[in-house]
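Heads up: the structure comes next, in structure tokens.
These numbers come from the heavy atoms of this one structure, side chains and all, not from hydrogens, waters or symmetry mates.
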Amino acid sequence: MLGILSFVGFTLLVALIAYLATRKTDESSSDGYFLGGRSLTAGVIAGSLLLTNLSTEQIVGLNGSAYTDGLSVMAWETLAAIAMVVTAVFLLPRYLKGGLTTIPQFLAKRFDVTTKTITSGLFLTGYVVVLLPVILYSGSVAISGMFNVPELLGVSDSTALVLCIWGIGVIGSIYAVFGGLKAVAVSDSINAVGLIVGGILIPIFGLMAIGDGNMFTGLDNLITSDAARFDSTGETGQEVPFSTIFTGMMLVQLFYWGTNQQIIQRALGAKNLAEGQKGLLLASFLKILGPLILVLPGMIAYYYFDGSLASSDLAYPELVRAVLPKPLVGFFAAVLFGAILSSFNSVLNSSVTLFGIDIYKQHINKEAPEKTVVKYGKIFGICLALAAMFIAPMIANAGSLFNYLQEINGIYSIPIFTIIVVGYLTKRVPAIAAKIGIFSGSLLYIISQFILKGKFVENALESAKASGITDPAALKLVEADAYPHFLHIMAILFVTNAAIMLLIGKFYPRKEDFELEYTKQVSIEPYKYVNHVGIAICVIVVGIYIYFAK
């Protein structure tokens, strides 16, 4: 009961602070609602960026991957720091110079309105079919596991899961749809502090549990039990083979931190370029510490439960329930609930922004006043949230949660990233090249991952079994060698799409060079130490990899 009371109390407190912080924001204007009045400071941006990313699809999913593969999955965290530095130095100055509210708006200026609309549609499809349902599902797994909801309510596991999904979805919808970006960003910043503190407590108590009360003994036991699991360089058959960090891994990171509307919208709301860059750099430095929260607990869980859990995605919630003192479970569940709401709110708010600005205002009612755009954006957000709540329970049979999320995202992430990169680095590539790049990238990826891959893997496994190979570990390697890793496929398609666009630009260039105009909405004077801090962060990341490489 104490846990439930602290859970409710902390959630209401954060909501009240967010409400008080946003009372002076004009939510009837698109700039006020979608970008928080372009008033976000470095601290708010950093906290919001971290908590938007640091949610249960990361906490549950990545710790589940670490439970299976060990330290090599830290690439999803540590390499993010480099991508954020690139965003701060190269992309954000261009975004703020153009006064963008959404990333597709740049594509309208660079190519044409149709390209912008197609891209917005791809983002929205990915959000409702993949990202929102994954957030709801992973959050429900965590909350249901920590509070033991099936036993508490006397219902089945599947019923408890659905109840949690709808509870999170309804509360998150109210928060995001009616609060706007500033409400989301302020609540994120508060929750980020609690989540980092609470998140660090889990590995501390976990190490104490496997070290007879001594954290350092626990760490020594963890390392000596299987030193190979502390190798930063993944092997073939694992989720992140070392070679992938030089191909698709960096592309995924750059897309996520530099062009994904859900993430970059926080930086677009900066009061000026310097604050936006400082926010990104602060978040990137803190991101280096991410494996302590997102990888180490999964490795501890593997040792604690002796690799016997029915599903790797249960590693984190089961470890929390096993090692965290009972009085702290309620607090941590409240903080984790805030993280769940954060990611859900962030994606939903970004979806509302994309629909309101890029679709409703552009194609449905061009003369609509800003208040009307916001109104219909909110209505769309409610519909999107309902759709995600219906889809979320279906993810239970998707296998590795984090791997599923990353692989499915490739349908839209790489095509969009390709046209943005080509759009910024060239001046004469025409709009038709962008349209072809989007459709060819999505279509080729779907053919590769959902048609060809299955056939190659099936044939390889049949041949292996016919030759007498029955060991599960050996068959896993056969499956991994049968077809290129999806991150390699992403890199191949990125190069292919870029080449197609450049060839079209060579033979059918646009009539005049593209020039990005400065809208003067915010100051674009850069943070004077942005390059120094950025280089230092990149050096730290490389040093970590070298230190843990076996």
Side-chain angles (χ1 to χ4, degrees), residues 62 65 69 72-87 90-91 103 119 122-123 126 130 232-260 263 400 402-426 429 433-434 436-457 479-505 538 541-542 545 549:
L62 195 51
S65 297
D69 287 344
S72 62
V73 300
M74 76 173 188
W76 292 114
E77 282 298 293
T78 50
L79 294 182
I82 296 177
M84 294 166 82
V85 169
V86 174
T87 300
F90 296 106
L91 292 176
I103 296 304
T119 305
L122 270 178
F123 269 124
V130 183
S232 60
T233 58
E235 299 176 353
T236 301
Q238 293 188 327
E239 187 173 307
V240 186
F242 184 62
S243 59
T244 61
I245 70 175
F246 302 104
T247 58
M249 173 62 76
M250 280 311 303
L251 295 177
V252 169
Q253 297 285 10
L254 288 170
F255 166 80
Y256 186 82
W257 294 101
T259 65
N260 190 353
I263 293 294
S400 172
F402 197 77
N403 208 48
Y404 164 81
L405 175 62
Q406 300 302 334
E407 185 168 5
I408 296 295
N409 276 345
I411 296 173
Y412 69 95
S413 62
I414 296 304
I416 292 175
F417 184 66
T418 304
I419 65 172
I420 289 175
V421 169
V422 173
Y424 268 124
L425 296 181
T426 66
V429 172
I436 292 174
I438 290 175
F439 285 114
S440 66
S442 297
L443 182 61
L444 290 174
Y445 188 81
I446 290 170
I447 292 172
S448 170
Q449 298 307 110
F450 304 106
I451 298 177
L452 295 179
K453 179 182 177 181
K455 292 182 178 180
F456 276 85
V457 169
E479 182 177 349
D481 288 331
Y483 198 78
H485 194 281
F486 75 89
L487 289 172
H488 289 321
I489 295 295
M490 286 181 175
I492 293 168
L493 292 182
F494 173 79
V495 174
T496 302
N497 287 339
I500 291 171
M501 292 182 67
L502 292 174
L503 283 173
I504 294 173
C538 293
V541 171
V542 173
Y545 257 91

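Residue Q253 comes nearest to A75 through the heavy atom pair NE2-O, 3.2 Å, listed as atom of the first residue, atom of the second, then distance. The minimum heavy-atom distance between V240 and V73, with the atom names listed, is CG2-CA, 4.2 Å. When all heavy atoms of K453 and E407 are compared, the closest pair comes out as NZ-OE2, 3.4 Å. Summarising the geometry of S448 relative to Y483, their closest heavy-atom pair is OG-OH, 2.7 Å, with the distance given to 0.1 Å. Taking every heavy atom of both residues into account, M250 and A83 meet most closely at CE-N, 4.4 Å. Residues G441 and P415 share a closest heavy-atom pair of C-CG, 3.6 Å.
Between the CH2 atom of W76 and the CE atom of M249 there is a distance of 4.0 Å, given to the nearest 0.5 Å. In this structure, W257 CH2 and T87 OG1 are separated by 9.0 Å, a value rounded to the nearest 0.5 Å. Rounded to the nearest 0.5 angstrom, I411 CD1 and I446 CD1 are separated by 5.0 Å. If you take CZ on F255 and OH on Y412, they are separated by 5.0 Å, rounding to the nearest 0.5 Å. Atom CD1 in I416 sits 7.0 Å away from atom CD1 in I438 (nearest 0.5 Å). Interatomic distance, CG of L62 versus CG of D69, reported as 10.5 Å (0.5 Å rounding).
At distances below 3.5 Å, at least one donor-acceptor pair connects side-chain atoms of H485 with backbone N or O atoms of E239.
Side chains of V429 and I504 form no contact here, defined as non-hydrogen atoms less than 4.5 Å apart. Annotation: side chain of F486 is not in contact with side chain of I408 (no heavy-atom distance under 4.5 Å).
More than 12 heavy-atom neighbours from other residues, nucleotides or ligands sit within 6.0 angstrom of OH on Y545. Within a 6.0 Å radius of CZ in F439, no more than 12 heavy atoms belonging to other residues, nucleotides or ligands are found.
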Would you mind writing out the side-chain donor-acceptor pairs for residues 487-503 within the sub-3.5 Å range, not counting sequence neighbours?
unit_1: H488; atom_1: ND1; unit_2: T247; atom_2: OG1; d: 3.0
unit_1: H488; atom_1: NE2; unit_2: S243; atom_2: OG; d: 3.1
unit_1: T496; atom_1: OG1; unit_2: I492; atom_2: O; d: 2.8
unit_1: N497; atom_1: OD1; unit_2: S440; atom_2: OG; d: 3.1
unit_1: N497; atom_1: ND2; unit_2: L493; atom_2: O; d: 3.3

Run the side-chain donor-acceptor check on residues 418-425: report pairs under 3.5 Å with partners two or more places apart or on a different chain.
unit_1: T418; atom_1: OG1; unit_2: I414; atom_2: O; d: 2.7

